[in-house]
Amino acid sequence: MNINLDFNYKSIKPFIFICFHFGILALVFSLIVHRLSQTRKDALIGSLSLITIRLTVDARPTATLIEFSNMEEVKLIGMWLSPYSYRVIWALKLKGIAYEYIEEDLSNKSPLLLHSNPVQKKIPVLIHGGKPICESSVILEYIEEIWPQNSLLPSDPYERAIARFWIKFADDKSPSISNIYRTSGEEQEKAVKDSLEMLKTIEEHGLVGEKKFFGGDKISMVDMAFGAVAHWLGVIEDVAGLKIFEQHKFPRLNSWIQNFKEVPIIKENLPDRDKMLALLKRRREMLLASE
Amino acid sequence: MAEEVKLFKTWSTPFGLRVVWALKLKGIQYDAIDEDLSNKSALLLQYNPVYKKVPVLVHNGKPISESLVILEYIDETWKQNPILPQDPLEKARERFWAKFNDEKLLPSIWGVFTKEGKEREEAIADSLENLKFVEEELTGKKFFGGEKIGLADLVFGWLAYLICVFEEVTGLKIIDERFPLLLAWIQEFSELPIIKDNFPPHDKLIIKYQAFYEKYHPAK
């Protein structure tokens, strides 16, 4: 039997040609990827999954810019004692974003901080691909948009509005907590009163409905915004020698604090309690002495 | 289902006005309910139990409080004539300046209006510094949002109609020739029909703020 090999060979020749060159390209690509740092590999995986999501879900014109911008370098200027700094750390870590952390000495502000945040001269500042973003709640929204994996905000606009309301509330009222250790006498009484009101409001309006976290079953940026209540308040109570948060008076808040601090990323990323106590005690002494 | 949008505000609140501008820019029909803050309605207290303040937007029976939160909600729900840009970095910039107005600029200028003596001097210094930053931000731009108005413009919008009231009542010049870009922006912004058609009446504002001023600076 005569098998017509000539015909078969001719028709598959272009196919073999393409496969061969594709194979070379794949080899070169994998060699390049192999040589990338872990940071870049993570970013590449994040980027490729983002491209897949974007192609299937979202056809916005700026999608291409975002796909590749999430591979750029991320730096965070923070301060180990600041709950605002930690909000950003938690968000970055929850989303698996590699970043360089720069500890700032606020008594001697660095040229980098002053250049990156000339208006407020405050931390945290996120620097992404050389561009600074300031204000922790603005940074969190930015992170959520650039790296949508492990979402920190609901997708429904009304649910998002509720979340943003509580983040604003946290921003407005959290300073009362630090005022407890910064002040004495009448000023301190006011700080205590304001803090109690804040806790009461969260208990009665923010955590209604047997929810594990503010947004339901998953941790979100609202929980992170209240980090000061979960960890800093306890230390500040000790510094000031006052008992403000009584567990039996705030059962929902108490459950929430346990749930929040059990999340591995949170548990592993909290400032050391003893260190905090020592520093805040010193600060209080200095502040009261100067009055 | 017919779309039902209500806005609780007062005739003069700048926080409510920024929401009015956003709704009008997007052509959204709504019912305006002007509250008397000395006698808040039961509905307002029900819709905003935490702050008990205006503005509150109620969309199909669901309330949203806090003007910046409301603006973001409006932009996400009604996509026409967006007030926030698509680019995340530009969005972050607009949000930063919105916060700056509410947390720094407005309180410092209000301090100039309400305080006396040394505290007023400090408020004036703060206001000038804050205004300088805002002036710089306008470099090379027609509006804070670029060619078109955006979130930051709506939030800074109170400067366009309330600063002249403050200046008239206090006799102090707050935005002077040191801020040419800001003065130009006020002109441009105020010329937009949707903006100026919704300015609260100047005469009414003078009366209101004159009364406030006398309260903060009782004649000795």
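Here is the naming used below: chain letters follow the sequence lines, and residue numbers restart at 1 for every chain.
The environment of B:Gln187 atom CD is sparse: at most 12 non-hydrogen atoms of other residues, nucleotides or ligands sit within 6.0 angstrom. At most 12 non-hydrogen atoms from other residues, nucleotides or ligands lie less than 6.0 angstrom from NZ of B:Lys24. A 6.0 Å sphere centred on NZ of B:Lys9 holds more than 12 heavy atoms belonging to other residues, nucleotides or ligands. Within 6.0 Å of the NZ atom in A:Lys121, the count of heavy atoms belonging to other residues, nucleotides or ligands exceeds 12. By the 6.0 Å contact criterion, CD on B:Gln80 is enclosed, its count of non-hydrogen atoms from other residues, nucleotides or ligands being greater than 12.
A salt bridge does not link A:Glu135 to B:Arg95: none of the charged nitrogens lies less than 4.0 Å from a carboxylate oxygen. Remark: A:Arg164 engages B:Glu76 in a salt bridge, criterion side-chain N to carboxylate O under 4.0 Å.
Using a 4.5 Å cut-off between heavy atoms, A:Glu197 makes no contact with chain B at all. Of the atoms belonging to B:Lys104, it is side-chain heavy atoms, and not backbone ones, that fall under 4.5 Å from chain A. Both the backbone and the side chain of B:Lys62 come within contact range of chain A, judged by heavy atoms closer than 4.5 Å.
Residues forming a salt bridge (Lys or Arg N to Asp or Glu O under 4.0 Å) with B:Lys118 (at least two apart in sequence, or on another chain): B:Glu122. Under the rule for a side-chain contact (heavy atoms from CB on, under 4.5 Å), the partners of B:Asp36 that lie at least two apart in sequence or sit in another chain are B:Ser38, B:Asn39.
Counting heavy atoms from C-beta outward, A:Glu141 and B:Pro88 have side chains that stay 4.5 Å or more apart.
Rounding to the nearest 0.5 Å gives a distance of 10.5 Å between CD of A:Glu145 and CG of B:Leu89.
Within residues 133-148 of chain B, the residues having any heavy atom under 4.5 Å from a heavy atom of chain A are, by residue number, B:Phe133. Within residues 165-178 of chain A, the residues having any heavy atom closer than 4.5 Å to a heavy atom of chain B are A:Phe165, A:Trp166, A:Lys168, A:Phe169, A:Asp171, A:Asp172, A:Lys173, listed by residue number.
Taking B:Pro63, B:Ser65, B:Ala98, B:Pro49 one by one and counting their heavy-atom pairs under 4.5 Å with chain A, the maximum is reached by B:Pro63. Contact count versus chain B (heavy atoms, under 4.5 Å) is highest, among A:His205, A:Glu144, A:Glu204, for A:His205.
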Can you list the steps and then say if B:Tyr51 with A:Thr201 is a side chain to side chain contact (heavy atoms under 4.5 Å, CB included)? CA-CA 10 Å; B:Tyr51 285 109; A:Thr201 303; over 6 Å; no
Verify side chain to side chain contact (heavy atoms under 4.5 Å, CB included) between A:Ile133 and B:Phe96, making sure each step is shown before the conclusion. CA-CA 8 Å; A:Ile133 301 108; B:Phe96 174 86; over 6 Å; no
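Side-chain atoms of A:Tyr158 do not come within 3.5 Å of backbone N or O of B:Tyr73 as any donor-acceptor pair.
Pairing each heavy atom of A:Ala161 with each of B:Val69, the nearest pair is O-CG1, 3.2 Å.
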